[in-house]
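Below is one structure, written out as structure tokens; the observations come after it.
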Amino acid sequence: MKAITVEPKKPGTAMYEDFPEPDVHEGSVLVEAVAVGVCGTDVEIVEGKYGWPPPGKTRLVLGHESLGRVIDPGTNSSLKNGDLVVGIVRRPDPVPCSNCAVGEWDMCRNGQYTERGIKEIHGFMSERWRIEPEYAIKVDPSLGILGVLLEPTTVVTKAWAHVISVGVRTFWEPRTVLVTGAGPIGLLAALIGKQRGLDVHVLDRNTTGPKPEIVRALGATYHSCTVSALGFEPDVIIECTGVGSVISESIQCVSSGGIVCLTGVGHGGVTNKAAVADVAASAVLKNIVVLGTVNANKRHWYRAGEILARADRKWLSRLITRIEKPDNFKQAMERKPDDIKVVIQFSEI
Ligand code: BGC
């Protein structure tokens, strides 16, 4: 079969190449790939900035936002041939730490977790892949190719779950939420905000392209100014840019008792506007919680499935702005100005 592979930490090594069929030790369920989403993490791995191959190997099969069709359910699963499934990304550490021991691998405490297509286990950008039945999530068949949005939805489902568990520390009636960044994560976070009945605002630097209209079609308000120029104090900010200045302004502009949830992974950046202690002082004086969140466990995967199943299909389909063939994976990894989610399609749905 063919797979998109890379030698992690070595830029320019990604290839669509012949690769051995998936090993039966990777799981008893055999799946034919339908589509795989591309995200910033994949781009970082291809650029040689992130990623780890399986132990004893040099190359890693890329891809963690999967969608596939079961072609052999094996003997030990309730799945059937033809079922559409998505693979859970993370596996618990082998120790295991207390969180992994109770199934909260997203909260792994010792960093020895593994992740498909990212850290030490092959991903899903191959014509066929295998998975353990307990890590295969069946998706609503009416979603079709939109099922590929499940993994990014799990990430924001967890983010929202943690925001809510922080919120209930006190008397809490959130009304307004600001999402910074109108990429797939931001737009899916906004979708959840709407499903929760909140007044949703999305901020992004783009003034043209599909994003403003997609936000409006959700019934949310689009802004292309800075957070401090918004003119109101959101009760919740879901930060999806990873940009230093957006983060520090978010902490300073959120309402008293507000929550800033960081989901973006940024690097470096100098902020000459606000020193760390000044940002921290406003967090202290306004009882603000700033939390970081990554990955998702099974309860978030389950909820994310419900969120997608409830969402308007036409709106969801606008998030997939480009579909590329596996041969064109290099183009799929390039970020074009109007891209939201780029998907590599391996087979017809
Ligand atoms: C993935 C997560 C993963 C994280 C860190 C993200 O792109 O969606 O599942 O935990 O990268 O590796």
Side-chain angles (χ1 to χ4, degrees), residues 4 6 8-9 14 35-54 60-67 85-93 96-97 99-100 103-125 129 131 135-137 139 147-162 181 183-189 192 238-242 261-267 291-305 307-308 319-320 332-333 335 339-344:
I4 301 169
V6 65
K9 307 277 168 54
V36 186
V38 175
C39 93
T41 304
D42 301 307
V43 176
E44 289 218 318
I45 297 173
V46 167
E47 288 174 348
K49 297 177 185 154
Y50 197 63
W52 298 260
L60 169 77
V61 176
L62 263 178
H64 60 276
E65 297 185 5
S66 62
L67 175 68
V85 289
V86 175
I88 291 181
V89 177
R90 195 175 277 197
R91 298 292 175 276
D93 77 76
C97 74
N99 285 69
C100 284
E104 290 186 355
W105 49 70
D106 58 313
M107 299 298 291
C108 179
R109 294 168 62 88
N110 64 21
Q112 293 180 46
Y113 63 83
T114 52
E115 286 181 339
R116 294 206 60 164
I118 302 174
K119 189 170 183 274
E120 297 167 24
I121 341 179
H122 287 315
F124 304 107
M125 286 188 188
W129 41 269
I131 190 146
Y135 289 97
I137 303 289
V139 289
V148 78
L149 297 172
L150 183 62
E151 196 278 340
T153 307
T154 67
V155 168
V156 281
T157 301
K158 172 187 171 182
W160 268 109
H162 282 224
I185 291 290
L187 292 170
L188 291 166
I192 298 177
I238 312 272
E239 205 301 300
C240 307
T241 71
C261 176
L262 308 176
T263 68
V265 184
H267 301 280
L291 67 117
T293 166
V294 70
N295 200 256
N297 67 46
K298 215 163 184 176
R299 79 176 70 183
H300 310 121
W301 280 82
Y302 184 83
R303 276 266 152 76
I307 287 162
L308 278 192
L319 304 190
I320 300 181
M333 300 283 162
R335 294 184 224 206
D339 281 338
I340 298 177
K341 176 57 70 188
V342 178
V343 162
I344 300 177

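Residue indices begin at 1 and follow the sequence shown. Numbering of ligands and ligand atoms starts at 1, following listing order. Keep in mind the model is a prediction, meaning the values are calculated, not measured.
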Side-chain donor or acceptor of Lys9 paired with backbone N/O of Gly51 under 3.5 Å: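 Checked: pair present.
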Under 3.5 Å: donor-acceptor pair, side chain of Lys341, backbone of Val38: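 Yes, Lys341 side chain to Val38 backbone: donor-acceptor pair under 3.5 Å.
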Under 4.0 Å from a heavy atom of [X]: which atoms of ligand 1 are those, numbered in the order shown and with their elements?
X	result
Tyr50	5 (C), 12 (O)
Ile118	11 (O), 12 (O)
Cys39	7 (O)
Arg90	10 (O)

Heavy-atom side-chain contact between Ile192 and Ile307 under 4.5 Å: yes
With backbone taken as N, CA, C and O and side chain as the heavy atoms from C-beta onward, which portion of [X] lies under 4.0 Å from ligand 1: side chain, backbone, both, or neither?
X	answer
Glu151	side chain
His64	side chain
Pro152	neither

Minimum non-hydrogen distance to atom 7 (O) of ligand 1, winning option of Ile88, Asp106, Thr41: Thr41
Residues in side-chain hydrogen bond (donor to acceptor under 3.5 Å, both in side chains) contact with Arg303, at least two apart in sequence or another chain: none
Quick test: of every protein heavy atom, which one is nearest to [atom], and how far off is it to 0.1 Å?
atom	value
atom 4 (C) of ligand 1	Val294 CG2, 3.8 Å
atom 9 (O) of ligand 1	Asn295 ND2, 2.9 Å
atom 3 (C) of ligand 1	Glu115 OE2, 3.3 Å

Inter-residue atom distance Arg90.CZ - Lys119.NZ, 0.5 Å rounding: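 That separation rounds to 8.0 Å.
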Atom of Trp105, atom of Asn297 and distance for their closest heavy-atom approach: NE1-CA, 3.6 Å
Ring-face cation of Lys158 near Trp301 (centre distance under 6.0 Å, axis angle within 45°):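 No, Lys158 does not lie over the aromatic ring of Trp301.
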Plane angle bin for Phe124 and Trp129 - parallel if under 30°, tilted between 30 and 60°, otherwise perpendicular: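 Because their plane-to-plane angle is over 60°, the rings of Trp129 and Phe124 count as perpendicular.
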